[in-house]
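Scroll down for the structure; my scribbles are underneath it.
A, B, ... follow the sequence lines: proteins, then strands. Residue 1 opens every chain.
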Protein chains: 2
Amino acid sequence: MVELKTSGQRVTSSRVMILCALKHSARHMTPGELLDEVRRVHPHIPPSTIYRTLASLRDAGLISETHRGGETEYEWSDKPHHHLVCRSCGYERSLPQTYFNQVEKKIEAESGFRIDLTHVAVTGLCPECQRSQGAAR
Amino acid sequence: MVELKTSGQRVTSSRVMILCALKHSARHMTPGELLDEVRRVHPHIPPSTIYRTLASLRDAGLISETHRGGETEYEWSDKPHHHLVCRSCGYERSLPQTYFNQVEKKIEAESGFRIDLTHVAVTGLCPECQRSQGAAR
DNA sequence: ATTACTGCAAAGGATTTGCATGTGA
DNA sequence: TCACATGCAAATCCTTTGCAGTAAT
């Protein structure tokens, strides 16, 4: 685990497992999901280790934290990007940063703020669910 | 409280107080802040009343719910709009919907999703804090 | 008179903390 | 060795629920 060493973190089994889980999942995961996942291999790991590890990996910039619908989610940090998530079936895909570049610049220019649009989750209804749900909900 | 009547809700003191607090605050408020606020007038109101009232006002469309930084926040429902919030001092201002219309259309066109950009909070650093913090944090 | 809303107490769940022990550098 | 990370238990916080009583319509 080069990343851990490089960032000055110790290479321990929990850290490796958590990083692997996030690296391979290619989706956001909540602390709870991560806990279940890691427990498949290491059944007695306590929640506190998950939470503490997530916080330190996040501080080190190895993973990123997002908040969506009241849930805290983590994922492997790649380049800045965004997510498009279906609120009905949960299907998730990523959106390139480029979609937001214009708005970002426009807002900065007009407000003087320096904005953080590094990671946004946009929710909506995917084509499938639009069809099956029609006008419902 | 015309809004309550119109929406078929009963006009009770908690509902009136919560609505007033949100209507006058002009910012997002968490259930906890609302609880403190309402308790200045009605000191023994229990949290459950706050939570239940918020949920029913939200279902009736009188107030809207957002999630930001892991916190659930409520505010008086005006037309769809967005917020620009300073992550350092908390200063908050609103952004007209128009900023996002283009991205919204673009994403819908290219993904087939029908997206929900009714209420987004964008975080950043306001001009003041950029000056005082410089490159810090 | 009905039935929605409230108050209270208790349950539930997620997250955090203290502290002793273990382990990677 | 020594600081950092872990395991475990308990504490805390936020939110929800059950139920009996109250008040709005």
Starting at [atom1] of [X] and ending at [atom2] of [N], how long is that distance when rounded to a whole Å?
X     : N      : atom1 : atom2 : answer
A:I18 : D:dA5  : CD1   : C1'   : 11 Å
A:D36 : C:dG13 : CG    : C1'   : 14 Å
B:I45 : C:dT6  : CD1   : C1'   : 8 Å
B:L57 : C:dC5  : CG    : C1'   : 12 Å
B:M29 : D:dC14 : CE    : P     : 15 Å
B:L4  : C:dC5  : CG    : P     : 10 Å
A:Y51 : D:dC13 : OH    : P     : 16 Å
B:I50 : D:dT17 : CD1   : P     : 17 Å

For the side chain of [X], counting heavy atoms from C-beta on, which of [options] is nearest?
X     : options               : result
A:P46 : D:dT25, D:dG7, C:dC8  : D:dG7
B:S48 : C:dC8, D:dT25, D:dT15 : C:dC8
B:V11 : C:dG7, C:dC5, D:dT25  : D:dT25

Subject >> Side chains of A:E128 and A:Y91, donor plus acceptor under 3.5 Å >> reply: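 No, no side-chain donor-acceptor contact under 3.5 Å.
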
Original post:
Going by distance alone, is a donor N or O of one side chain under 3.5 Å from an acceptor N or O of the other, for A:E71 and A:H28?
Top reply: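 Side-chain D/A pair, A:E71 to A:H28: absent.
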
Would you confirm whether [X], through its side chain, and [Y], through its main-chain N or O, come within 3.5 Å as a donor-acceptor pair?
X      : Y      : answer
A:R114 : B:G124 : no
B:H67  : A:G70  : yes
A:T53  : A:R15  : no

Original post:
Who are the ring-ring contact (aromatic ring centres under 6.0 Å, His included) partners of A:Y74, not counting sequence neighbours?
Top reply: none

Subject >> Residue that, paired with A:H83, satisfies side-chain hydrogen bond (donor to acceptor under 3.5 Å, both in side chains) out of A:E73, A:R68, A:E75, A:R93 >> reply: A:E75

At a cut-off of 3.5 Å, list every protein nitrogen or oxygen paired with a nitrogen or oxygen from nucleotides 19-23 of chain D, distance to 0.1 Å.
none

Report yes if at least one side-chain N or O of [X] is closer than 4.0 Å to OP1 or OP2 of [N]; otherwise report no.
X     : N     : value
B:R15 : C:dT6 : yes
B:T49 : C:dG7 : yes
B:H42 : C:dG7 : yes
A:H44 : D:dT6 : no

Subject >> Side-chain donor/acceptor contact of B:T53 with base of C:dC5 under 3.5 Å >> reply: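 Donor-acceptor pair under 3.5 Å: no.
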
**OP:** Give one of base, sugar-phosphate or nothing for A:S56, where a contact means two heavy atoms less than 4.0 Å apart.
**Re:** nothing

Subject >> Closest-nucleotide 5' rank along DNA chain C - winner of A:P47 and A:Q9 >> reply: A:P47

Subject >> Residue pair B:E65 / B:L54, side-chain heavy-atom distance below 4.5 Å >> reply: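 The answer is no; the side chains never approach within 4.5 Å.
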
